[in-house]
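Everything numeric in this text was worked out from a predicted model, so none of it was measured.
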Amino acid sequence: GDNKTEEKTNENAKEESHEVSEVVLSSEARSKIDLAFDVVKEGTISGTLKAPAKVITNQDYEAQVSSLVQGRVHKVYVKEGEYVKEGQVLMHVEGLEIGEIKAVYLQAKATLDFTKAAYERQQTLLEQNVGSQKAFLEAKAEYEKALAEYNAEDKRIHSIGLEHSDIETDADTEHIAGVLTIKAPINGIVTERNVVIGQLVEANTTAFKIMNISNLWAEGQIYEKDLTKVSGKPKVEFTTSAYPNEKFKGEVILIGQTIDEHSRTIKVRASLQNTNSKLKPNMFGELFIPINSNSKGIIIPTDAMVKEGNESYVFVVENDSTFTRRNVETGIEFAGMREVVNGLKKGEKIVSKGVFFLKSELLKETFGEEE
């Protein structure tokens with residue numbers, strides 16, 4: 001059974017480390033020091049989880065701007081690093097295709113206006129009992145056909161980013177300008193500008209990238225063992241060494257579904273308010289996530305624990321004079337208490353006062369053996 005494997009591993013552990021793991025005190029030594037014991041209890045864990053995190057862009061606040069039709073860059077109005085507002089003109093692109101699309105649209109609009117007028121006239125005549133049903137139905141069919149064509153062309157101009165107002169102004173001029181106005185889809189900073197005047201651009205060329213950093217994401221990692229401590233969308237704080245005295249507010253928007261098998265961690269993403277645009281993508285820092293109120297676990301006084309390098313241990317009380325060193329895996333620290341994730345069971349007795357005396361006794365015995 002399992003007990004055998006456990007005994008085996010314990011024996012192996014003893015063979016590997018030459019350290020003594022038991023302290024036996026004489027009654028004289030026992031009377032000299034002030035020892036206190038504590039029964040290991042389960043309790044509510046409170047406080048905050050600290051997770052290493054990195055600032056990344058919020059993908060809803062990022063835009064790539066392309067020309068949507070082939071043409072030549074006629075004029076560029078913004079530089080990299082410049083702040084732009086939604087709807088602001090970024091560049092003008094000139095191309096034959098743009099002129100054709102505009103011309104066909106204007107033609108379809110003129111036909112629609114003409115057939116609509118004819119159809120309405122036939123309808124009035126019919127109502128006055130002077131028109132013929134046949135002429136009315138013909139006019140109606142012409143109007144419906146023109147409407148369908150107009151709607152198709154209307155869709156087409158919107159698909160390349162043109163507004164009615166952009167085209168109607170051209171209708172007055174003899175020559176329909178094949179110029180397309182490219183505007184910013186969001187507020188933000190131009191982080192990339194890939195075009196120069198005179199350049200030929202294809203419909204899918206990314207001309208600009210715009211990023212709005214008023215809201216950013218912080219992506220952090222929490223350990224698998226702490227997963228149950230986070231639930232819902234708690235409010236969080238983010239700190240970074242770039243601004244040591246500032247706390248950036250945010251809230252958890254996503255807790256990952258998968259565990260990274262190397263680090264045994266889970267991704268936590270928080271949305272941050274980037275006050276005064278101080279935070280920049282790729283900054284490193286820490287996320288402080290409050291622990292939900294129903295987190296239970298084994299908790300002991302921090303004073304009962306000895307930390308040595310990467311190891312933490314406690315002294316388990318065998319009887320009034322015999323104490324065994326036992327390594328424990330720790331979790332959250334809060335209000336003078338420490339969570340123990342592994343190594344102790346409810347109801348066991350540990351030394352809560354006088355651990356440093358026992359630690360020095362243990363060292364004496366360890367070194368004494370080696371001599």
Visitor: More than 12 non-hydrogen atoms from neighbouring residues, nucleotides or ligands closer than 6.0 Å to CD on Gln257, yes or no?
Guide: no

Visitor: Determine the minimum heavy-atom distance between Tyr243 and Lys278, stating which atoms define it.
Guide: OH-O, 2.9 Å

Visitor: Considering non-hydrogen atoms only, spot the tightest contact between Leu112 and Thr115 and give its length.
Guide: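 Looking at all heavy atoms of both residues, the closest pair is O-OG1, 3.1 Å.
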
Visitor: Do you know which two heavy atoms are closest between Val236 and Ala270, and how far apart they sit?
Guide: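 Shortest heavy-atom separation between Val236 and Ala270 comes out as CG2-CB, 3.7 Å.
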
Visitor: Test salt bridge (charged side-chain N to carboxylate O under 4.0 Å, His left out) on Glu311 and Arg325 and set out the steps.
Guide: CA-CA 12 Å; Glu311 286 186 346; Arg325 168 190 162 146; 2.9 Å; yes

Visitor: Short question: side chain of Arg269, backbone of Glu219 - any donor-acceptor pair under 3.5 Å?
Guide: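 It does not hold such a pair.
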
Visitor: Ignoring hydrogens and geometry beyond distance, is a side-chain donor-acceptor pair present between Ser271 and Asn215 at under 3.5 Å?
Guide: yes

Visitor: Other hydrophobic cluster members with Val340, side-chain heavy atoms of Ile/Leu/Val/Met/Phe/Trp/Tyr under 4.5 Å, chained?
Guide: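 Traced through the cluster, Val340 reaches Val40, Ile298, Ile300, Met305, Val314, Val316, Val328, Leu344, Ile350.
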
Visitor: Are Glu82 and Arg193 close enough, and set up right, to give a salt bridge (charged side-chain N to carboxylate O under 4.0 Å, His left out), and what steps lead you there?
Guide: CA-CA 10 Å; Glu82 216 168 289; Arg193 170 189 148 167; over 6 Å; no

Visitor: May I ask you to decide whether Arg264 forms a salt bridge with Glu224, counting only side-chain N to carboxylate O separations under 4.0 Å?
Guide: yes

Visitor: Which heavy atom of Glu94 sits nearest a heavy atom of Val179, and at what distance?
Guide: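 Taking Glu94 first and Val179 second, the nearest heavy atoms are CG-CG2, 3.6 Å.
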
Visitor: Is it the case that the side chain of Ser67 and the backbone of Val69 share a donor-acceptor pair, with hydrogens and angles ignored and the cut-off at 3.5 Å?
Guide: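 Yes, the answer is positive, given that a donor and an acceptor are paired below the 3.5 Å cut-off.
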
Visitor: Do Met211 and Ile186 share a hydrophobic cluster, counting only Ile, Leu, Val, Met, Phe, Trp and Tyr and linking them when any side-chain heavy atoms are less than 4.5 Å apart?
Guide: no

Visitor: Using the test ring pair (Phe, Tyr, Trp, His ring centres under 6.0 Å), find all partners of His74 that sit at least two apart in sequence or belong to another chain.
Guide: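 Result, ring pair (Phe, Tyr, Trp, His ring centres under 6.0 Å) vs His74: none returned.
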
Visitor: Ignoring hydrogens, what is the shortest heavy-atom contact between Ile210 and Pro185? Give both atom names and the distance.
Guide: CD1-CD, 4.1 Å

Visitor: When hydrophobic residues are tied together by side-chain contacts of less than 4.5 Å, even through go-betweens, does Ile332 share a cluster with Val252?
Guide: yes

Visitor: So, do Tyr313 and Glu308 sit near enough that their side-chain heavy atoms are less than 4.5 Å apart?
Guide: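 They are in contact (side-chain heavy atoms under 4.5 Å apart), so the answer is yes.
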
Visitor: Determine which pairs satisfy ring pair (Phe, Tyr, Trp, His ring centres under 6.0 Å) with at least one residue from residues 265-298, sequence neighbours left out, and list them in order.
Guide: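 Ring pair (Phe, Tyr, Trp, His ring centres under 6.0 Å) check on residues 265-298 returns no pairs.
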
Visitor: For Ser312 and Lys307, indicate whether the former's side chain and the latter's backbone hold a donor-acceptor pair under 3.5 Å.
Guide: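 Not confirmed, Ser312 side chain does not pair with Lys307 backbone.
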
Visitor: Between Tyr143 and Tyr119, is a ring-ring contact (aromatic ring centres under 6.0 Å, His included) present by the stated rule, with each step listed?
Guide: CA-CA 7 Å; Tyr143 165 67; Tyr119 163 60; 5.1 Å; yes

Visitor: For the side chain of Arg338 and the backbone of Gly331, is there at least one donor-acceptor N/O pair under 3.5 Å apart?
Guide: yes

Visitor: I want to check something: taking the side chain as every heavy atom from C-beta on, are Lys249 and Glu237 in contact at a cut-off of under 4.5 Å?
Guide: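 With C-beta onward as the side chain, the pair touches.
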
Visitor: Could you tell me which residues satisfy side-chain contact (heavy atoms from CB on, under 4.5 Å) with Glu149, sequence neighbours excluded, listed by chain and number?
Guide: Lys145

Visitor: Check side-chain contact (heavy atoms from CB on, under 4.5 Å) between Leu279 and all other residues, then give those that pass, not counting sequence neighbours.
Guide: Leu216, Phe238, Thr240, Phe248, Leu272, Asn274, Met283

Visitor: In terms of hydrophobic clustering (I, L, V, M, F, W, Y; side-chain heavy atoms under 4.5 Å; direct or indirect links), are Ile213 and Phe208 co-clustered?
Guide: no

Visitor: When the ring planes of Tyr105 and His164 are compared, do they come out parallel, tilted or perpendicular, using 30° and 60° as the limits?
Guide: parallel

Visitor: Check side-chain contact (heavy atoms from CB on, under 4.5 Å) between Ala152 and all other residues, then give those that pass, not counting sequence neighbours.
Guide: none

